[in-house]
Amino acid sequence: MTASLSTAATEKGRYFGTAVRIDQIEASPRLRQAVLNDCGFLTPEIHMKWNALQPARDHWTPGPADGLVRFAQANELRVRGHALLWHNSTPHWAEDEIVRERNWNTVGRYIEAVAGRYRDHVEEWDVVNEPIDADGSTDGLRDNVFMRSYGSSYIARALEAAHAAAPKARLAINDYSFEYDNSTEQVRRTAFLKLLERLKTAGTPLDAVGLQAHLDLSKGPLKPEILKPFLAEIAGMGLDIAITELDVNEHDRRLSLRERDARVADEVRRYLDIVLDEPKVKGVTTWGLSDEHSWLQPTGAKGAALNRGLPYDAVLEPKPMHRAIHASLLA
Ligand code: G3I
């Protein structure tokens with residue numbers, strides 16, 4: 001029996017979870033078993049995105065999201081909702097309507113409906129996903145349909161709307177590329193901290209931040225002197241921190257499987273040892289459990305061509321990354 005990551009996390013007052021799709025759980029008994037063995041929290045990988053829930057204005061498709069929530073309830077697992085607003089999952093009909101009408105109705109109605117529907121089931125929501133863009137846009141905020149129609153206030157308005165619809169849910173902003181020592185990620189860290197500061201100063205209902213943590217072996221060493229002060233600044237604002245989408249992009253797949261798995265595990269161990277030193281980091285979620293389902297797979301890849309950046313390989317055998325997470329959670 002593989003050691004349980006959830007049990008290890010719980011022992012230290014944290015949680016461990018993963019992103020999943022209900023159709024994948026139903027299709028694979030081994031994935032189901034791994035989810036139940038390792039997880040205390042689930043994030044729907046796609047089912048709670050706007051284009052998945054409401055592909056057309058008068059057509060709602062909550063079946064998969066409801067199915068995942070039922071699976072979680074039946075197995076006493078908690079749910080992180082992902083994500084109310086994300087530029088990449090806003091359906092075209094909604095973008096058109098937002099641009100055409102320029103009032104808050106489209107977004108307001110959507111948040112009320114979805115945060116309201118899952119108010120008793122989703123414990124923490126990624127309310128705004130990926131609002132930061134380092135490419136010289138206003139205040140480091142991404143130039144998306146929400147910015148263009150409402151200005152930067154869309155973030156606070158979304159948080160207020162989510163809070164009104166689901167007053168008990170914890171509300172988060174989730175974003176990526178804060179881990180490494182390069183100028184792009186430095187600009188992103190600074191922009192993110194400024195955004196959080198503005199929201200907290202204004203008294204916006206924001207409880208937590210999600211750090212995606214898509215690690216990348218081509219980006220150089222992870223440095224405690226970069227990451228720790230960043231986490232400390234977030235913690236200093238009274239915000240909790242969730243590691244929300246942990247995985248590793250290998251890039252170079254020429255070494256032996258053994259060496260590759262060791263490099264992935266070392267990167268994860270190094271990252272988690274740094275971030276779990278911060279008490280405000282409340283939990284860790286990987287973006288999938290098995291390499292078979294990873295978004296990082298090159299199209300059509302099989303065998304050794306698969307990226308090996310998740311805790312289990314494509315046939316659900318645990319890899320050194322699993323042992324690394326377990327050890328870091330207990331350290
Ligand atoms: O289900 C359809 C299928 O019917 C169709 O044949 C196929 C053709 O492309 O598409 C399938 O839908 C895809 C879906 O994943 C399920 O596989 C979508 O095109 C594809 O866009 C979608 O990708 C997801 C992506 O977010 C966009 O929603 C990835 O699985 C998911 O891992 C990824 O997750 C994001 C986080 O939400 C935010 N952070 C980055 C992370 C990785 O991109």
Side-chain angles (χ1 to χ4, degrees), residues 17-28 31 35 39 41-56 59-65 67-68 79-95 110 114 118 122 124-134 142 144-146 155 158 172-180 184-185 188 192 208-216 219 241-251 271 283-301 306-312 314:
T18 195
V20 274
R21 290 170 41 176
I22 190 65
D23 51 309
Q24 290 169 349
I25 289 177
E26 284 167 353
S28 166
L31 175 65
V35 166
C39 298
F41 244 103
L42 298 182
T43 304
E45 185 178 357
I46 49 176
H47 309 320
M48 282 190 191
K49 291 170 182 170
W50 195 342
N51 56 3
L53 284 171
Q54 195 183 12
H59 184 46
W60 286 86
T61 48
L68 190 72
V79 178
R80 281 197 93 253
H82 173 84
L84 288 171
L85 295 189
W86 184 29
H87 64 278
N88 229 358
S89 64
T90 313
H92 295 306
W93 70 264
E95 286 198 349
Y110 176 74
V114 173
Y118 298 112
V122 167
E124 182 166 291
W125 265 112
D126 289 331
V127 177
V128 181
N129 191 39
E130 304 178 1
I132 299 298
D133 190 348
R142 184 182 295 279
N144 58 25
V145 67
F146 312 112
I155 298 172
I173 295 182
N174 190 48
D175 217 319
Y176 64 92
S177 278
F178 298 131
E179 293 77 26
Y180 291 94
T184 305
E185 300 202 12
R188 293 181 58 82
F192 193 52
V209 303
L211 306 179
Q212 294 188 6
H214 293 294
L215 304 181
D216 188 327
K219 285 191 177 173
I241 301 168
I243 307 305
T244 52
E245 303 188 16
L246 178 65
D247 58 14
V248 183
N249 192 336
E250 295 183 85
H251 281 290
Y271 178 72
V284 177
T285 295
T286 52
W287 206 242
L289 275 186
S290 153
D291 292 334
E292 188 192 356
H293 300 124
S294 172
W295 72 289
L296 291 169
Q297 295 315 346
T299 315
L306 287 171
N307 190 72
R308 295 175 67 87
L310 285 173
Y312 290 83

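All ligand and atom numbering here is 1-based and tracks the order in the structure.
A salt bridge is defined here as a Lys NZ or Arg NE, NH1 or NH2 lying under 4.0 Å from an Asp or Glu carboxylate O, and K219 with E179 fails to meet this definition.
Sorted by chain and number, the heavy-atom contacts of ligand 1 below 4.0 Å come from R21, E45, I46, K49, H82, W86, N129, E130, Q212, H214, E245, W287, W295.
Using a 4.5 Å cut-off on side-chain heavy atoms (C-beta onward), W125 and M48 make contact.
Listed by first and then second residue, the salt bridge (Lys or Arg N to Asp or Glu O under 4.0 Å) pairs that reach into residues 43-52 come to none, sequence neighbours excluded.
Checked against ring-ring contact (aromatic ring centres under 6.0 Å, His included), F41 has the following partners two or more places apart in sequence or in another chain: Y15. Every residue two or more places apart in sequence or in another chain was checked for a ring-ring contact (aromatic ring centres under 6.0 Å, His included) with H47, and none qualifies.
Side chains of H214 and N249: a donor-acceptor N/O pair is absent below 3.5 angstrom, by distance only.
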